[in-house]
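Here the structure comes first, spelled out in structure tokens, and everything after it is commentary.
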There are 2 protein chains.
Amino acid sequence: MQSFTEENYLKVIYHLAEKTETVQTNAIAEQIQTKPASVTDMIKKLADKGLVDYVKYQGVSLTEKGKSAAIDIVRKHRLWEVFLVDKLNFKWDEVHDVAEELEHIKSIDLIERLDEFLGFPKADPHGDPIPDKHGRFAKTQFIKLIDLKVGDSGTITGVSQHSSAFLKHLEKLGLTLGKQIHINDVTDFDGSVEILSSEKQINISREVAKHILISSNGKI
Amino acid sequence: MQSFTEENYLKVIYHLAEKTETVQTNAIAEQIQTKPASVTDMIKKLADKGLVDYVKYQGVSLTEKGKSAAIDIVRKHRLWEVFLVDKLNFKWDEVHDVAEELEHIKSIDLIERLDEFLGFPKADPHGDPIPDKHGRFAKTQFIKLIDLKVGDSGTITGVSQHSSAFLKHLEKLGLTLGKQIHINDVTDFDGSVEILSSEKQINISREVAKHILISSNGKI
DNA sequence: TAAAATTTTTAGATTTACCTAAAAAATTAA
DNA sequence: TTAATTTTTTAGGTAAATCTAAAAATTTTA
């Protein structure tokens, strides 16, 4: 069993490892909001417990054991986010901090019952996939909105940026999960995209388009 | 803002203070499962923070500030218990440990939304009253089953013993919250009580009868 | 490829919540 | 009302997770 703090390290390493194979001390420190020296200490501890592979000055990566523990925390976090949004009517940009606390509640039973209560959701309110109790992710086929061509359509099924500012912006534009969109035009000049959603013409910047994930249901 | 540990101390002191005006160091140590010396340390810290009144060798009591913090934790604990039983189908004897963790989640918003989601319940699954957001308890009129007389009837609305063994026993007897009961007979010999509930004759010991709380709806 | 810059680690402290052992105060019993 | 017992506190220490400052390794730049 891991401590609250150890769990946080595992989760952060897991997410950082999605970008780079081995994870750097400074990157972890930034995420955890702590100093690199503290990270080194904790990494040694996690290595002793067999949760990470660690070579001095070379960065860390999760072992199978560590990865499985991390996925378990991700599962809890995302299920709680679904609960907060679907049942308690939180906005999708408000749930992260509370889920950050709830993910550390220790009870095998609790999370399985919560999963059932929520109807075994496959994705959290941001479209991120929820692993099942064996740690398996459902395969999802995402395309970034920016990669669609004029005439394509699809459904918004996720975002790859979770900041409150970004989510509030999408909310204001009416671009929430499940919304149908159609690409009307792409501006050569700045790469901004003209889309049609709920009968409304919406112009979004290239930066925003990069972080909206679409599942194709039209002709692509 | 209090730490996880400080919150536990406040909660324990609050419950112990229901029996005796000032609370003893050893009593706290037993509840927290720690040593008296550790309790002394923590009490001093709580006193410095203005959460308890403390005189060496004389025991502690909560200040208004401490009491209000404690009631807040009790509120969270009981609301989570309702959630676990009503929504996640836990048994009433299974919820305590998980609620013990959930009660420390910090979010003003969360607990108000949970309260609303649950329909503003007035009591937890054991019949214990849930304070409102201002810390006010609804007045409830309880009578111990042992104090009823032959011919009286009422509704089971609470228990004053929360051990899993006791709750499982009641479950087996079919004596759960909301059940109507009628006193058929009281045995002089051992003080055991013969009651009628759901058309069944049930004999319960004096010890059990002491811990079942009844709200009177028949002639008493 | 040597110097500069960056990243990472070590060494030694600090804080929180514990602990044990022994001393002090309060309570109970003879 | 002393003596014995119990309760509580003090003193000094430990483990977890942090920190700062300085040293060591690695990477980048010139």
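Quick note on labels: first sequence line is chain A, next is B, and so on, each numbered from 1. Fair warning: this is a prediction, and the values are worked out from it, not measured in the lab.
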Please determine whether a side-chain nitrogen or oxygen atom of Lys56(B) lies at a distance below 4.0 Å from atom OP1 or OP2 of dA24(C).
no

For nucleotides 2-7 of chain C, which of its nitrogen or oxygen atoms have a protein nitrogen or oxygen under 3.5 Å away, and what is each distance?
none

Nearest-neighbour nucleotide for the Asp41(A) side chain, dT10(D), dC18(C), dC19(D) considered:
dC19(D)

Just compare dT8(C), dC18(C), dT18(D) and give me whichever is closest to any side-chain atom of Pro36(A).
dT8(C)

Please report whether the ring centroid of Phe4(B) lies less than 6.0 Å from that of Tyr9(B).
no

Go through the steps to decide whether Arg78(B) and Val74(B) satisfy the test side chain to side chain contact (heavy atoms under 4.5 Å, CB included), and finish with yes or no.
CA-CA 6 Å; Arg78(B) 292 180 182 168; Val74(B) 168; 3.5 Å; yes

Check Gln2(A) against Lys106(A) and note the closest heavy-atom contact, atom names and distance.
O-CE, 3.4 Å

Checking all strands, does Thr40(B) fall into the base, sugar-phosphate, or nothing category for heavy-atom contacts under 4.0 angstrom?
base

Counting only pairs under 3.5 Å, give me each side-chain donor-acceptor contact of residues 112-119 of chain A, with atom names and distances, residues two or more places apart or in other chains.
from, atom 1, to, atom 2, distance (Å)
Glu112(A), OE1, Arg75(A), NH2, 2.8
Arg113(A), NE, Asp109(A), OD2, 3.3
Arg113(A), NH1, Leu88(B), O, 3.0
Arg113(A), NH1, Asn89(B), O, 2.7
Asp115(A), OD2, Arg75(A), NH1, 3.4
Asp115(A), OD2, Arg75(A), NH2, 3.1

Leu46(A) to Ile13(A) - nearest heavy-atom pair and separation:
CD1-CD1, 4.4 Å

Any side-chain donor-acceptor pair under 3.5 Å between Trp80(B) and Glu101(B)?
no

Please report the distance, rounded to the nearest Å, between CD1 in Ile32(B) and C1' in dC19(C).
16 Å

In whole Å, what is the span from the CD1 atom of Ile43(B) to the C1' atom of dT7(D)?
12 Å

Interatomic distance, Gln2(A) CD vs dA16(D) C1' [rounded to whole Å]:
15 Å

May I have the distance from Gln58(A) (atom CD) to dA24(D) (atom P), rounded to whole angstrom?
18 Å

With a 4.0 Å cutoff (strictly under), does any side-chain N or O of Thr34(B) reach OP1 or OP2 of dC19(C)?
yes

OP1 or OP2 of dT9(D) less than 4.0 angstrom from a side-chain nitrogen or oxygen of Tyr54(B), does that happen here?
yes

Sugar-phosphate, base or nothing in reach of Phe4(B), heavy atoms under 4.0 Å:
nothing

Could you check which of dT20(D), dT8(C), dT10(D) has an atom nearest any side-chain atom of Lys44(B)?
dT10(D)

In this structure, are over 12 heavy atoms from other groups packed under 6.0 Å from Glu64(A) atom CD?
no

Base, sugar-phosphate, or nothing: which does Ser38(B) touch, judged by heavy atoms less than 4.0 Å apart?
base

Testing dT20(C), dT10(D), dT18(D) for proximity to the side chain of Lys35(B), the answer is dT20(C)

Return the value, rounded to whole Å, for the distance between atom CG of Asp48(A) and atom P of dA15(D).
15 Å

